[in-house]
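Written below as structure tokens is the structure these notes are about.
Atoms considered below: every heavy atom in the structure, side chains included; atoms not considered: hydrogens, waters and symmetry mates.
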Amino acid sequence: MNSPHQPLPTFDEVLLCTPQTTSEQVELFLRRCLSPSSRGEKIYTMLYADELSYDVSTRTEELFQCLQHYSNVYHLVILCNCNREHSYIPSVFSQYKVHMVPQRPLVEIQRYLQDHYKVTQPLSSAASIFKDNMCVGIVSSKRAGVGK
């Protein structure tokens, strides 16, 4: 987000972890991130890594230790829920932990995301249902199960 023209991450740079994420999915992700051919050009991000099962988490640690020796230039960000910081992955990587505070004002972050998620030609697009022709939106409710 250093430049308004800097692109958003691509699908291969982000792994959204759930309790159902398999060790094979994590392995493919880590191999992309830690392969010598990547040369640290992309920023790879594991979201909610604290939700990985114990078996997948231990395999992730082993694989990371193994692959890390092949490339010393990589960018890997592991985001976890601060309420689950004692789960396996946050504990294993705790020596690298950095508490993040956004460095940009919220308005600037919102403007950056609006520029990248706005549909330029909204004719017959599902984006017309979201505010300002955005191709993404957040639908929430304080009540569970009300048809979101």
Side-chain angles (χ1 to χ4, degrees), residues 1-54 56-57 60-61 63-64 67-68 71-148:
M1 205 185 108
N2 292 330
S3 156
H5 305 293
Q6 190 174 12
L8 291 168
T10 58
F11 70 93
D12 65 327
E13 294 175 80
V14 178
L15 178 64
L16 179 60
C17 301
T18 68
Q20 291 76 36
T21 301
T22 65
S23 58
E24 290 81 13
Q25 291 171 310
V26 175
E27 181 177 350
L28 288 171
F29 178 78
L30 287 178
R31 287 188 184 280
R32 279 194 303 264
C33 173
L34 299 172
S35 70
S37 63
S38 71
R39 295 183 304 273
E41 295 171 354
K42 294 182 175 184
I43 300 174
Y44 291 89
T45 306
M46 289 180 69
L47 297 170
Y48 304 115
D50 52 291
E51 292 196 16
L52 293 173
S53 70
Y54 180 80
V56 173
S57 295
T60 299
E61 177 192 13
L63 187 62
F64 177 81
L67 293 175
Q68 185 183 21
S71 177
N72 60 356
V73 179
Y74 60 89
H75 298 270
L76 175 62
V77 177
I78 301 174
L79 295 174
C80 300
N81 184 335
C82 65
N83 294 330
R84 295 177 43 94
E85 67 182 330
H86 298 296
S87 60
Y88 193 87
I89 292 292
S91 297
V92 167
F93 292 97
S94 65
Q95 63 194 19
Y96 306 107
K97 182 167 48 172
V98 176
H99 290 282
M100 276 301 298
V101 175
Q103 299 297 312
R104 305 269 194 216
L106 178 60
V107 173
E108 194 173 322
I109 293 170
Q110 289 172 334
R111 188 175 321 115
Y112 173 81
L113 292 172
Q114 284 175 345
D115 289 345
H116 285 79
Y117 284 121
K118 186 171 215 138
V119 175
T120 54
Q121 297 175 348
L123 297 176
S124 69
S125 169
S128 61
I129 65 168
F130 289 115
K131 181 180 177 185
D132 298 326
N133 293 318
M134 295 291 142
C135 63
V136 296
I138 297 174
V139 178
S140 66
S141 174
K142 293 181 181 180
R143 293 180 19 216
V146 289
K148 294 182 286 297

Inter-residue atom distance Leu16.CG - Leu79.CG, 0.5 Å rounding = 10.5 Å
Should we say atom OH of Tyr48 is surrounded by more than 12 heavy atoms from elsewhere, each under 6.0 Å from it?
-> no
Partners of Asp12 by salt bridge (Lys or Arg N to Asp or Glu O under 4.0 Å), sequence neighbours excluded?
-> Lys42
Could you tell me which residues satisfy salt bridge (Lys or Arg N to Asp or Glu O under 4.0 Å) with Glu61, sequence neighbours excluded, listed by chain and number?
-> none
Is the distance between the ring centroids of Tyr44 and Tyr74 less than 6.0 Å?
-> no
Closest contact, heavy atoms only, Phe29 versus Glu13 = CE1-O, 3.6 Å
Approximate separation, where rounding is to 0.5 Å, of Leu52 CG and Tyr88 OH = 11.5 Å
Distance, nearest 0.5 Å, that separates CG of Leu76 from CG of Leu34 | 6.5 Å
Euclidean distance, Gln20 CD relative to Glu51 CD, rounded to 0.5 Å | 9.0 Å
The single option from Ser57, Cys17, Ser91, Cys80 passing side-chain contact (heavy atoms from CB on, under 4.5 Å) against Asp50 = Cys80
Taking Glu27 as the fixed residue, which of Val56, Leu63, Thr60 is the one that meets the side-chain contact (heavy atoms from CB on, under 4.5 Å) rule?
-> Leu63
Say whether, by atom type as modelled, one donor and one acceptor occur between the side chain of Glu108 and the main chain of Pro105 under 3.5 angstrom.
-> no
Quick one: pull up CG in Leu47 and CG in Leu15 and give me the separation to the nearest 0.5 Å.
-> 8.0 Å
With rounding to the nearest 0.5 Å, note down the distance linking CD1 in Ile78 to OG1 in Thr45.
-> 9.5 Å
